[in-house]
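Take a look at the structure set out below.
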Amino acid sequence: MKMPSAEVPTIDVSPLFGADADAKKQVAEQINKACRGSGFFYASGHGVDVQRLQDVVNEFHRTMTAAEKHELAINAYNPANPRVRNGYYKAIEGKKAVESFCYLNPDFDEDHPMIRAGVPGHEVNTWPDAERHPGFREFCEEYFRTMFTLSKGLMRGFALALGKDELFFEPELRESETLSAVSLIRYPRLETYPPVKTGPDGELLSFEDHFDVSTITVLFQTAVQNLQVETVDGWRDLPTDSDNFLVNAGTYLAHLTHDYFPAPLHRVKFVNAERLSLPFFFHAGNDTLIQPFSPDGAHEGEPNEAVRYGDYLRHGLTALIKKNGQT
């Protein structure tokens, strides 16, 4: 679906964590307008120390050695490592410049029932050496919980915007079960850059057009303009914000709402600049099963079927890698 505009409002989401029903309703109205406009909005009033976030992630990438990166690399880059979600996503000289570290729910330990059962998508996080990277794991685990709480609050706003009770999604958003993931992505500045892809319109791209495989995505990134959204007027740049989180609906929320809140089609322009992209992909639990609904009552045709979240996530990630390649 091509979005009507590329306007990205900034919405103070702090009322969603308070008790003022009228203030929450006003936030929900703004979310509704944004999600049916460009599909994106910036969330302010989030309470996250984004400067500390950048400092920790920059230091992590600065101090990682080639040996550490390979040891932590996911299976696609290191066949000796069985992990396919948690781990390091390596740059490949002459082919791929972007690199990242992805980690999952800190509650996934060896005694977690999903880990014991070997359910796909659940992995016990592996971490870099604590002596070489003091405090990194602790920061990351704290950040995961902070972002889960923020995203859960945002879902109250989405629920109200969809005409539901603010706690409509709450029963399915259990922290101990969430398949959510944090990606700490670094785009480097290089004198000689590996080949990049070219869009149909001639735009050089770091990552081609895609929909986010998530319920919602909550992104912090360096203030270097790079994202574009497909609108009825073609591809348009999204503005940057050095203080706030960019929020958009993923394909699961689009499925639930019959595209009343569509997942915006977007892409990453090639920019030869040192920058960070730090998405929190907010997911429900493996066994979550929510019946799709029509917020405006105007959906025509057969209703979407309820899809178990674990199946949705595995299929969506596989399809994304098949289309755009391994990140």
Side-chain angles (χ1 to χ4, degrees), residues 2-3 5-10 38-44 48 50-64 69 77 88-102 181-214 217-231 233-248 250 263-281 320-321 323-327:
K2 296 180 180 180
M3 306 306 290
S5 79
E7 181 181 353
V8 182
T10 299
S38 68
F40 292 89
F41 65 90
Y42 277 105
S44 65
V48 179
V50 296
Q51 186 58 59
R52 183 179 176 224
L53 170 63
Q54 294 173 87
D55 290 345
V56 170
V57 177
N58 277 322
E59 179 66 8
F60 164 72
H61 281 298
R62 186 187 70 81
T63 54
M64 283 289 286
K69 293 175 184 180
Y77 300 101
Y88 211 86
Y89 295 58
K90 294 168 60 177
I92 302 174
E93 187 174 358
K95 293 185 178 181
K96 171 179 172 284
V98 64
E99 58 186 347
S100 64
F101 178 72
C102 174
V182 177
S183 287
L184 307 178
I185 306 170
R186 172 183 176 247
Y187 289 87
R189 185 188 186 286
L190 300 174
E191 292 299 323
T192 303
Y193 223 90
V196 296
K197 298 184 179 179
T198 304
D201 58 352
E203 185 74 60
L204 297 180
L205 303 174
S206 288
F207 198 69
E208 295 174 284
D209 59 280
H210 64 285
F211 301 104
D212 281 353
V213 181
S214 64
T217 301
V218 186
L219 168 72
F220 182 82
Q221 59 177 343
T222 310
V224 175
Q225 202 290 316
N226 68 92
L227 287 175
Q228 291 187 319
V229 62
E230 187 179 39
T231 74
D233 298 315
W235 289 98
R236 294 293 182 265
D237 290 348
L238 295 178
T240 62
D241 189 319
S242 60
D243 300 310
N244 298 311
F245 287 89
L246 186 65
V247 182
N248 64 276
L265 186 66
H266 58 289
R267 66 186 187 180
V268 182
K269 295 194 302 183
F270 167 66
V271 182
N272 192 0
E274 184 75 32
R275 64 183 185 86
L276 297 175
S277 178
L278 311 175
F280 181 77
F281 297 107
L320 182 60
I321 292 171
K323 177 184 179 297
N324 283 20
Q326 180 66 62
T327 56

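All values derive from a computational prediction rather than experimental measurement.
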Approximate separation, where rounding is to 0.5 Å, of W235 CH2 and D201 CG: 8.0 Å
Close side-chain approach of R275 and R189, heavy atoms under 4.5 Å: no
Donor-acceptor under 3.5 Å (H61 side chain, L184 main chain): yes
Side-chain heavy-atom pair F220, Q54 within 4.5 angstrom cut-off: yes
Test ring pair (Phe, Tyr, Trp, His ring centres under 6.0 Å) applied to F270 - qualifying residues, sequence neighbours left out: Y193
Short side-chain to backbone donor-acceptor contact, Q51 and L53, under 3.5 Å: no
For P264 against G39, the heavy-atom pair lying closest together: CG-O, 3.9 Å
Results of side-chain hydrogen bond (donor to acceptor under 3.5 Å, both in side chains) for Q228 - residues two or more places apart only: D237, R267
Partner residues of F280 under the ring pair (Phe, Tyr, Trp, His ring centres under 6.0 Å) criterion, sequence neighbours left out: F144
Sidechain-backbone polar pair: T231 side chain, S5 backbone, donor-acceptor under 3.5 Å: no
By side-chain contact (heavy atoms from CB on, under 4.5 Å) - contacts of T10 (at least two apart): Y42, S44, D241, N244
For S38 against M3, the heavy-atom pair lying closest together: O-CG, 3.4 Å
Rounded distance [0.5 Å steps], CG in L276 versus OG in S183: 12.5 Å
Partners meeting ring pair (Phe, Tyr, Trp, His ring centres under 6.0 Å) with H266 (sequence neighbours left out): F40, H210
Gap separating the CG atom of L278 from the CG atom of L219, nearest 0.5 angstrom: 7.5 Å
Distance (rounded to the nearest 0.5 Å) between N248 CG and S214 OG: 6.5 Å
Under 3.5 Å donor-acceptor, N324 side chain and L320 backbone: no
Validation row: V247, T217 side chains within 4.5 angstrom (heavy atoms): no
Exercise: identify the closest heavy-atom pair between L205 and T198: CD1-C, 4.4 Å
Counterpart residues, ring pair (Phe, Tyr, Trp, His ring centres under 6.0 Å), relative to Y88 (two or more places apart): none
Nearest heavy-atom neighbours spanning D233 and R236: O-NH2, 2.6 Å
G94 to P195 - nearest heavy-atom pair and separation: O-CD, 3.4 Å
Full working for side chain to side chain contact (heavy atoms under 4.5 Å, CB included) between Y89 and I185: CA-CA 9 Å; Y89 295 58; I185 306 170; over 6 Å; no
Check: K323 and D209 side chains under 4.5 Å, non-hydrogen atoms: yes
Gap separating the CG atom of L246 from the OG atom of S277, nearest 0.5 angstrom: 9.5 Å
Spatial distance of atom CZ (R186) from atom OG1 (T222) [nearest 0.5 Å]: 11.0 Å
Test item: Y187 and V268 side chains (from C-beta on) under 4.5 Å apart, heavy atoms: yes
Check: K90 main-chain N/O paired with K96 side-chain donor or acceptor under 3.5 Å: yes
Closest approach of V50 to S242 (non-hydrogen atoms, all atoms of both residues): CG2-O, 4.0 Å
